[in-house]
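Below, chain A is the first sequence line, B the second, and so on; all start at residue 1.
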Amino acid sequence: MGLDVVLLSRVQFALTIMFHYIFPPLTIGLGILMVFMEAMYHKTRDRQYEAMARFWTKIFAVNFALGVASGIVMEFQFGTNWSTYSRFVGDIFGSALAAEGIFAFFLESGFLAVLVFGWDKVSPGMHLFSTIMVSLGSIFSAVWIVIANSWQQTPAGYRIVGEGSAARAELTDFWAVVFNPSSMNRLGHVLIGAFILGGFFVMSIAAYYILRKRHLDFAKKSFTIALVVATVFSLLQLVSGHDQAQTVAATQPAKMAAFEGIYRTTQDGAPLYLFGVPNNAKERVGGGLGVPGLLSFLISGDASRPVPGLDRFPREDWPPVPLTFQTYHAMVALGFFFIALTLLAAFFLWRRILFETRWLLWIFVFAVIGPYLANQLGWLAAEFGRQPWIVYGLLRTSDGVSKSVPASHVLGSIVLFSIVYLLLFLIWIYVMDRKIRQGPEEIAELPPEKLRGKGFFLAAAGGRGESMTGSSEPRK
Amino acid sequence: MDLNIFWFAVLGILLAGYAILDGFDLGVGILHLLARGDSERRVFLNSIGPLWDGNEVWLVTFGGALFAAFPHAYATVFSGFYLAFMLLLFALIFRAVSLEFRSKMESPQWRSAWDTAFFVSSAVATLLFGVAIGNSIRGIPIGPDKEFAGTFLGLLRPYPILVGIFAVSLFAMHGSIYLYLKTEGDLQKRVRGWMWHAFGIFLVLYLLTTIFTLAAHPEAIANFRNIPWAWIVVVLNVLAIANIPRAIYMERAGYAFLSSAATIAALVFLFGVGLFPNLVVSSLRPEWSLDIYNAASSQKTLSIMRIIAFIGMPFVLAYTTVIYWVFRGKVEIGKFSY
């Protein structure tokens, strides 16, 4: 059997994007928490907040570096492995990528330098400003890349020029591309997913410190802030997910049918499977538990409204149903788990017994794996569900690959990526583990504030002060 | 102004910006193993520590802009140079992680392994950039369907390899001058010696590359007949190169650095003039070449992208200035350093 260049290219893309996507959601989620902690320090001058901002910045930096290193692969890969796709979408997709570079990457990477290396080089106001800019940059980056991907899901604002293999999508309406039918819903969903991860990540490490009776003040404060963020966003994610599912039902019915295992268009209301095993051969969901009419109700508000099934689509236009179904259901189940867990913890916090409830803290130490998985599973479901299209309804994935790249080259690069990424993953775990064991600096170890005041004064004298920070920080 | 020409120029600016800024980072990497002992190596790493990541964004933006403005050129080159780009990606990954991870552990084996990785990745990335430029000048086999029709080994001809080695010498020189600005005392004295050596090697390779280009690829200067003012840049390029040893000799390393930056900018400019209006020259038939018209996106995309560039670039220049200002002066190793 010859090697299939399409399959190999898909495997490579999945491998590299999944590795990459370990990092950006964390930096996005941790970013807003760092902004909050540093702003609190700025406002209250409580040095515990400063210690928190410093510690989480260190963790952030390690993840950011890996995000950058694995991210450049993604940009190159459209051209190396998917050059026919690149020719087809360059007019639109390329623009979003270029905008990401100009608006997001320069912002992030520039101010990251101040964030990580600048603690005693710039004033606290300038430092806070840099933290805000890095956090904004990471969000902008998500904005552009989600717009680009959403255009693949629900193309808008284009026309097709040329015939056959020379056909390509040309931009006709920029704002229609930016606000394509799924982009804003999906952007919200992606960002909320990242914020939940940020919250669970901080809670995991903080819970570990509390259980080990180390850095108690630091850990309790960090945990509380992160719990609030995680609870609020877990609940919001329910709203966002519902909203998005409705969009999918309206714009990508084959994907919705695969999400929910609806093989045959129902006569009346469609059930919502809580779990089950879709079987393509028998065209039914086996061993499942379905709530009658609930899917119809969620999609349309009417429990007896028929939902179009996969029978409306020719077999060659079906997504891989079992994979789409399972990844989607696992993501949704995790989402409900986050809500239950954060509400329980919030209740315990309110009753003031949270930090004494060791079993719950132990759950939180490991619960961080949940949001990591949920973010990956959500993307898997979204991308599986779009198949067999690389641009929904316009270009098939099998037609998007590079014509001049032989399968053996792709196989070779997959092997190398696997080795290198495994190595990086292990080093990442090891370095993170070390940083977490080292823990935050005690307040007594922090450099005296007077010294930083001098830094601020010098900074102002050097002309790098408030004009750039835009901060109303009074000079001491 | 013709939008296609505008985007050709923007790509030139992004490429020059990348070569000047990441050029010294890569140069520091190429010289890294010359540093003795852990503390000197940390000085090297931290001289570029806060800056390299932002500098690499110029490359990322170059890639994005090429994708957006000339998708056919992006698609043909990236898929045609598949193995070369994979190598480049691994080099860039290893450079990033060796900077980030090297000083996270005390173990000497750990550190020396990352030191080697840092050197190799910097040198390989630079070499590949040069090979890519050399192949662009030389032309690559592009068929009528805009697809690459050659092999990886076909890209490794003497001329592109010479340009690759020339690029290594150029960035090594650029990096040595940068290091001179960032170091003090004994180390700086030694860096001064390397500057002279690097300049000497650069000069020899510059002359060789120039002669080889004129002899084997005279089409590279065909455009100078139509654009006579480009000769001014040739003269400026020679003056900038001549000013490097003068400035080093006069202890004005800042001027030497500006001169080597100007040299890089001029070389990128001349490369662009030589290529124009092509993006990728077909060595099979001239009419199969990808140029700024047959490889371009629609006029609508080019004009919207121009608006995005005009909004974005002032911010980019502002951040870059701020960051370079904050991290000016000699390297100090502190608790936040690599």
Side-chain angles (χ1 to χ4, degrees), chain A residues 61-62 65-66 68-70 72-73 75-76 78-81 83-84 86-87 89-95 97-103 105-107 109-114 116-122 161 168 170-172 174 402-405 409 412-413 416 420 424 427 431 434 464 468, chain B residues 49-51 53-54 56-57 59-61 63-65 67-72 74-80 82-83 85-86 88-90 92-94 96-97 99-101 104-105 145-149 297-298 300-301 304-305 308-309 312-313 315-316 319-320 322-323 325-327 334 336-337:
Chain A
V62 175
L66 281 164
V68 169
S70 59
I72 194 164
V73 175
E75 193 204 35
F76 279 27
F78 298 116
T80 53
N81 293 70
S83 68
T84 310
S86 301
R87 292 178 207 277
V89 299
D91 222 72
I92 294 161
F93 193 90
S95 318
L97 230 54
E100 188 184 11
I102 291 179
F103 291 133
F105 293 153
F106 276 114
L107 187 65
S109 60
F111 284 101
L112 181 79
V114 180
V116 177
F117 299 97
W119 286 105
D120 34 45
K121 278 199 180 282
V122 297
V161 179
R168 53 192 219 98
E170 260 190 15
L171 183 76
T172 55
F174 177 72
S402 298
K403 289 175 185 151
S404 61
V405 179
H409 288 191
S413 53
L416 274 175
V420 170
L424 293 184
I427 293 170
V431 169
R434 282 260 310 204
R464 43 181 163 147
M468 266 139 22
Chain B
L51 305 173
D53 180 16
E56 195 177 280
V57 174
L59 177 69
V60 174
T61 306
F67 191 175
F70 304 110
H72 287 296
Y74 167 81
T76 302
V77 172
F78 279 54
S79 60
Y82 188 83
L83 293 179
F85 270 102
M86 290 298 141
L88 176 64
L89 284 175
F90 289 116
L92 292 175
I93 290 173
F94 270 100
V97 295
L99 273 158
E100 183 61 36
F101 288 143
K104 294 272 187 289
M105 304 283 155
D145 55 354
K146 298 183 175 162
E147 296 284 354
F148 177 74
S297 279
S298 65
K300 174 127 187 162
T301 290
I304 287 169
M305 290 292 302
I308 289 178
M313 283 321 274
F315 283 102
V316 170
Y319 319 138
T320 309
V322 171
I323 305 309
W325 180 254
V326 168
F327 294 99
F336 305 110
S337 303

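In terms of non-hydrogen atom pairs under 4.5 Å with chain A, the most contact-rich of B/E100, B/E56, B/E147 is B/E147. With respect to chain A, the highest number of heavy-atom pairs below 4.5 Å among B/S79, B/P50, B/A309 belongs to B/S79. When each of A/V89, A/I92, A/I427, A/T84 is checked for heavy-atom pairs under 4.5 Å with chain B, A/I427 comes out on top. Each of A/E100, A/R434, A/E170 has some count of heavy-atom pairs under 4.5 Å with chain B, and the biggest count is that of A/R434. Ranked by heavy-atom pairs under 4.5 Å with chain B, the list A/S70, A/G79, A/S83 is led by A/G79. Among A/A65, A/S109, A/S413, A/G101, the residue with the largest count of heavy-atom pairs under 4.5 Å with chain B is A/S109. Taking B/G312, B/S298, B/P71, B/A96 one by one and counting their heavy-atom pairs under 4.5 Å with chain A, the maximum is reached by B/S298. When the candidates A/L97, A/V68, A/I102 are compared by the number of heavy-atom contacts under 4.5 Å with chain B, A/I102 comes out ahead. Contacts with chain B were tallied for A/D91, A/V161, A/V73; A/D91 has the most, counting heavy-atom pairs under 4.5 Å.
Across all non-hydrogen atoms, the minimal contact from A/W119 to A/V116 is CD1-O, 3.8 Å. Across every non-hydrogen atom of A/R87 and B/K146, the tightest pair is NH2-O, 3.2 Å. Across A/A113 and B/F327, no two heavy atoms sit closer than the pair O-CZ, 3.3 Å. Contact detail for B/A68 and B/T301: the closest heavy-atom pair is O-CG2, 4.0 Å.
Only the side chain of A/L112 comes within contact range of chain B, with heavy atoms under 4.5 Å apart. The contact between A/V114 and chain B is made by backbone and side chain atoms together, counting heavy-atom distances below 4.5 Å. Contact annotation for B/L99: neither backbone nor side-chain heavy atoms come within less than 4.5 Å of a heavy atom of chain A. Only the side chain of B/F90 comes within contact range of chain A, with at least one heavy atom under 4.5 Å from a heavy atom of that chain. Contact of B/I308 with chain A is made through backbone and side chain together, with heavy-atom distances under 4.5 Å.
Taking the six-membered ring where the residue is Trp, B/Y74 and B/F67 present parallel rings, their angle staying beneath 30° rather than reaching 60°.
The distance from atom CE of B/M313 to atom CZ of A/F106, rounded to the nearest 0.5 Å, is 5.5 Å. In this structure, the separation between CD1 on B/I93 and CG on B/L88 is 10.0 Å, given to the nearest 0.5 Å.
Every side-chain contact (heavy atoms from CB on, under 4.5 Å) that B/V97 has, sequence neighbours left out, goes to A/L66, A/A69, A/L424, B/F94, B/F101, B/W114. A/T80 pairs by the side-chain contact (heavy atoms from CB on, under 4.5 Å) definition with A/Q77, B/F78, B/Y82, B/F85, B/M86, not counting sequence neighbours.
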